[in-house]
Amino acid sequence: MASWGEASESRLIGKRVTRLSGKDKVTGKAKYTFDINEPGMLYGRILRSETAHATVIGIDLSEAEALPGVKAVIPLIEVGNKLRYQGQEIAAVAAETDDIAKDAIRRIHVDLEELPHVVTEDDAMVEGAPQIREDWAGNQSEPNVREDGDINAGFDEAAVEVEATYHTPVQTHVCLETHGHVAKWEDEQNLTVWASTQGVFGVRNDFAQHFELPANQVRVITEHMGGGFGSKFGPGIEGRTAVELARITGKAVKLMLTRKAEHLVAGNRPSMTQQVRAGATSDGRLIAYDMKGYGTGGISSGAGFTGPYVYHVPNSRAERVNVAVNAGNQRAMRAPGHPQGAFAMDSLMDELAEKLGMDPVEFRRINDPNEVRQAQYTLGAQEIGWHRRNTVPGAGTSVKKRGMGVGSGQWGGGGGRGTEARVTINADGTVEAVTGTQDIGTGIRTVIAMIVAEEFGLETTDVRVKVGDSQPGLPSGGSGGSQTTPSVAPVIKTAAAAAKQKLFERIAPLLDAPVGDLRVGTGTIYVVSDRTKTITWKQATGQLGMESISEGGTWEEDLRQNGAAGTQFAEVEIDTQTGAIRVIKIVAVQDCGLAINRLTTESQVNGGVIMGLGQAILEERFMDPVTGRMLNANLEDYKVPGTLEIPEIKSIVFDTHRKVTGVGEPPCIPTPGAIANAVYNAIGVRIRSLPITPDKILDALAEKA
Amino acid sequence: MPEKDKKQGTNISRRNFLKGVGTGTVAATVAPSVLIGSEKAAEAQAGDAIANATIELNINGKSYQVEVEARTTLLTVLRDGIDTGGNNIDLTGAKLICDRGECGGCTVMVDGKSVYACMMLAIDAQGKQITTVEGLADGDDLHPVQEAFIQHDALMCGFCTPGFIVSSAALLNENANPTMEEIKVGLSGNTCRCGTYPFIFDAVKTASRKV
Ligand code: FES
Ligand code: FES
């Protein structure tokens, strides 16, 4: 059975190791797709609809085509077809400079016949609202219903009940590197594309299929990429457009989305409104849960969310409906569905606990069947100083009031098959590890180097890691679902072990010892039964002569495990005169399985908490019902967390076993619920709609007074 | 363009391409129609047809001659500029992220002070000392801020990192020993979506002990 060995025996695994890509990133040398400058490269741009719903009755490209410096202009929609949201693609240009491309876009003339639009889910559900999806009566999908136990019997047993409606708005990913590609045809049958993607091989296969090329003649490269958060899997229309423009012009073409388009069309987290009725017994057991929810993923579906989430309720019913609006499609966003569900459920838990007169942590202990989280509640409560918490929410007369709250989350992150990798030992002692995964900022490059270096007794910097390129033909899956490390690490580990075994077989005669007695030291190989027999790594590999050892690996299931439990505690301070909310501290206790690199794991947890904080107090897509446009498609009015919002964050890497589990997503899940509960504890009024902004706080305080 | 289509090798026609990008035919149901004419207003704003000028810029201690338009930003020259000798300037460390002075991704130093390169016209940068993230290290010796960012893992995807590095260096130029609050305020013009802030604060603290 494959294993990662004992912690005490690990020299690198489980330690804090700085990133291999660090130097390139701090010196500006790291080349992202956005930074690729090919000789003679053209700049692509897309003309997008400013109208939320219309029929195209004419597109005139001639003036744009006539502009000096413009090399190609193509339509992206046919006359007679409908535009169904602001931002939808109409036409594209390629020009010698980006400024000329911008000028050309302004010279494309489009005649539209406007149709009635609807851009918020509540408007879309009103009777008589414009029907914007022919297949959904009243703009609503068939409800998805899940039932457990007997809900009526459950409510009969309940001693307390809460009925409430919770809402989370649409949030956008805000990848700092926008979606984009640089496409270059090497010749008629060979295509190279630099792509800002989370899935090098998926993008390669899409291009191969779409442009009718053999897959092995399409090369996709993602050396570095500037954030995806779930929104960067396929090449999208913009990717195919870049390749098409390159094909027509015979030149390399760079086409990156604008910041505005990034908000409009590059994905979002769907909204969620949950009307919940729930009950608990007098001894604190959740007994009944009834939820009706709806949300919008734009013109598409996908507004999924969870409930009753991590807590056990024997009698439950959950009904979910997707609502179509004239807005860009949702895409997976960090732990899709979970933060929405967790916020509603953790708010509800506290409301029930209060009715029972029970401590919220105590109430969770009774209803949370997960053992890991049980331990996390204890640790987190200690770290935040739960005993200091207001026993009476909103008590006191001071202007600034503090409160504490708790929230929970659960994720899979067990990885899967499908990664091919090679680990190579060369005669000069150099080592390479190659696989087709991509480093989207999570640090997989460094993790791969650590695993190989540990196996060989080397330093991480001794290992050359090659990822983010489809060319060696060693596929790996997309980086989503917190799957990268648990999918890749076992394959690298077994490949390195196989290569080591081969090397041992070669040098065993030289050391005059059985293969089974050889071990790696630090930069050495020695015989365990006779430690005087030691040679350096280089002496050992020198035996290979003109050969190299190159081995593949297998995905050993024992090396990874599914299931990452998390708990967070928040402390906030509210200014009751201005409504200003300041998050003071977050304690994040995150189950990570075996954290191969503690340093980058802590970074991931911090990052998740901060994204959760954005959802809790800042982020919301605003749609204007009149014009059908997004009002804050920029970085001034769409607020993401900045330095001034950052609280003290205590990220506790809670490693419960020696198997790898991915943690990219789970740390963002408990944050909004914990913050919302802390706000209630501070001021004694509950905000059931995210983000929790000063205006909502002041309204709620005024209503209470 | 149909001729061009033929010249290239694959069998994709424009029509096929359109289908593939997801614009299948949907019958138009006609509602009261509004005709949107050509966007004259937008056209009037178009900044083209402006004479070019050749200017000299001093970037990282090196002089570059570049031809620019009046509207060309400093950031465009750094990233996309081609000097009069035909060489790409290719200083792509500074990034265009928000394109409107909100995110700090494009931060460079101009005469030692941090500036958003997306908001500065190239012609206004003449006669000034421009330092980009590429110019901070002294050969192989990294700037203390760069060292500290690596040490503290103050970067994930790294796309915001060049901007934060330059802003942090500029902050320490002005205040060699900032408090936590001063660090937060000093870097409040920069945005990181990956959420590296806590480790950035640690890195700036560490670097402040070394500059
Ligand atoms: S790109 Fe210049 S400040 Fe954002
Ligand atoms: S490290 Fe990714 S945006 Fe800052």
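Per chain, numbering begins at 1; letters A, B, ... match sequence-line order.
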Chemist: Within a reach of under 6.0 Å around NZ of A/K650, are more than 12 heavy atoms found that belong to other residues, nucleotides or ligands?
Modeler: no
Chemist: Is B/R193 salt-bridged to A/E262, going by a charged N under 4.0 Å from an acidic O?
Modeler: no
Chemist: Please identify, among B/C157, B/A137, B/G93, the residue contributing the most non-hydrogen atom pairs under 4.5 Å to chain A.
Modeler: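 Greatest number of close heavy-atom pairs with chain A: B/C157.
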Chemist: Please name the pair of heavy atoms, one in A/I100 and one in B/R71, separated by the smallest distance, quoted to 0.1 Å.
Modeler: N-NH2, 4.3 Å
Chemist: So B/T92 and A/N37, side-chain contact (heavy atoms from CB on, under 4.5 Å) or not? Walk me through it.
Modeler: CA-CA 9 Å; B/T92 55; A/N37 273 331; 4.0 Å; yes
Chemist: The test is salt bridge (Lys or Arg N to Asp or Glu O under 4.0 Å); show your working for B/D153 and A/R16 and say whether it passes.
Modeler: CA-CA 10 Å; B/D153 202 40; A/R16 306 171 73 85; over 6 Å; no
Chemist: Hey, what do you get for SG (B/C98) to NZ (A/K260), rounding to the nearest 0.5 Å?
Modeler: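 Going from SG on B/C98 over to NZ on A/K260, the span is 15.0 Å.
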Chemist: Take A/V26 and B/T161, measure what side-chain contact (heavy atoms from CB on, under 4.5 Å) needs, and give me the verdict at the end.
Modeler: CA-CA 6 Å; A/V26 300; B/T161 308; 4.2 Å; yes
Chemist: Which pair of non-hydrogen atoms, one from B/P198 and one from A/I649, has the smallest distance, and what is that distance?
Modeler: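 So the two residues come closest at CG-CD1, 3.9 Å.
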Chemist: Verify, without hydrogens or angle tests, whether B/Y197 (side chain) and A/E645 (backbone) share a donor-acceptor contact under 3.5 angstrom.
Modeler: no
Chemist: Could you tell me whether a side-chain N or O of A/K25 sits under 3.5 Å from a main-chain N or O of B/M156, the two making a donor and an acceptor?
Modeler: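 Checking the backbone N and O of B/M156 against the side chain of A/K25, a donor-acceptor pair under 3.5 Å is found.
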Chemist: Are any of the side-chain heavy atoms of B/F159 and A/M225 separated by less than 4.5 Å?
Modeler: no
Chemist: Step by step, would you call A/D98 with B/R79 a salt bridge (Lys or Arg N to Asp or Glu O under 4.0 Å)?
Modeler: CA-CA 11 Å; A/D98 194 34; B/R79 294 184 52 83; over 6 Å; no
Chemist: Less than 4.5 Å to any heavy atom of chain A: does that hold for the side chain of B/N88, its backbone, both, or neither?
Modeler: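 Only the side chain of B/N88 comes within 4.5 Å of chain A.
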Chemist: Checking B/L187 against chain A: side chain, backbone, both or neither under 4.5 Å from a heavy atom?
Modeler: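 Both parts, backbone and side chain.
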Chemist: For B/L96, which atoms come within 4.5 Å of any heavy atom of chain A: side chain, backbone, both, or neither?
Modeler: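 For B/L96, backbone and side chain are both near chain A.
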Chemist: To the nearest 0.5 Å, what is the distance between OG1 on A/T600 and CZ on B/F199?
Modeler: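 Going from OG1 on A/T600 over to CZ on B/F199, the span is 9.5 Å.
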Chemist: For A/R84, I'd like to know if atom CZ has over 12 heavy atoms of other residues, nucleotides or ligands within 6.0 Å.
Modeler: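 No, CZ of A/R84 has 12 or fewer neighbouring heavy atoms, counting only those of other groups under 6.0 Å.
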Chemist: Evaluate the side-chain contact (heavy atoms from CB on, under 4.5 Å) criterion for residues B/D99 and A/T258: first the C-alpha distance (whole Å), next the side-chain angles of each, then the deciding distance (0.1 Å), finally the verdict.
Modeler: CA-CA 9 Å; B/D99 202 4; A/T258 61; over 6 Å; no
Chemist: What closest approach, in Å, do B/E102 and A/L635 show between heavy atoms, and which atom pair accounts for it?
Modeler: OE1-O, 3.5 Å
Chemist: If I compare all heavy atoms of A/L176 with all of B/C160, which pair ends up nearest, and what's the gap?
Modeler: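 Closest heavy-atom pair between A/L176 and B/C160: CD1-CB, 3.9 Å.
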Chemist: With a 4.5 Å limit on heavy-atom distance, are the side chains of B/D140 and A/K23 in contact?
Modeler: yes
Chemist: Answer with side chain, backbone, both or neither: which region of B/H143 has an atom nearer than 4.5 Å to a non-hydrogen atom of chain A?
Modeler: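 Neither part; nothing is under 4.5 Å.
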Chemist: How long is the span from the OG1 atom in A/T27 to the CG atom in B/L136, to the nearest 0.5 Å?
Modeler: 10.0 Å
Chemist: Are any of the side-chain nitrogens in A/K29 or B/E134 under 4.0 Å away from the carboxylate oxygens of its partner?
Modeler: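 Looking at B/E134 together with A/K29, the answer is no, because their closest N to O distance does not fall below 4.0 Å.
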Chemist: Out of B/G158, B/A154, B/G186, which one racks up the most heavy-atom pairs below 4.5 Å with chain A?
Modeler: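 Max contact count across the listed options: B/G158.
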Chemist: Within this structure, what is the CD-OG1 distance for the pair B/E69 and A/T97, rounded to the nearest 0.5 Å?
Modeler: 6.5 Å
Chemist: Name the region of B/V185, side chain, backbone, both or neither, that has any atom closer than 4.5 Å to a heavy atom of chain A.
Modeler: both
Chemist: Take A/I646 and B/F201 through the test side-chain contact (heavy atoms from CB on, under 4.5 Å) and record every step on the way to the result.
Modeler: CA-CA 10 Å; A/I646 305 306; B/F201 304 153; 3.9 Å; yes
Chemist: Can you tell me how far apart CZ (B/R100) and CD (A/E636) are? Round to the nearest 0.5 Å.
Modeler: 4.0 Å
Chemist: Between CG of A/N606 and SG of B/C194, what distance do you get to the nearest 0.5 Å?
Modeler: 12.0 Å
Chemist: Heavy-atom distances under 4.5 Å only: say whether B/C103 touches chain A with side chain, backbone, both or neither.
Modeler: side chain
Chemist: Restricting to non-hydrogen atoms, name the atom on A/G28 and the atom on B/P162 that form the minimum distance, rounded to 0.1 Å.
Modeler: CA-CG, 4.5 Å
Chemist: Side chain, backbone, both or neither: which part of B/L155 has an atom under 4.5 Å from a heavy atom of chain A?
Modeler: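 Both backbone and side chain.
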Chemist: Could you tell me which non-hydrogen atom of A/T18 sits nearest to which non-hydrogen atom of B/I150, and how far apart they are?
Modeler: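 Answer, listing the atom of A/T18 first, then B/I150: CG2-O, 3.3 Å.
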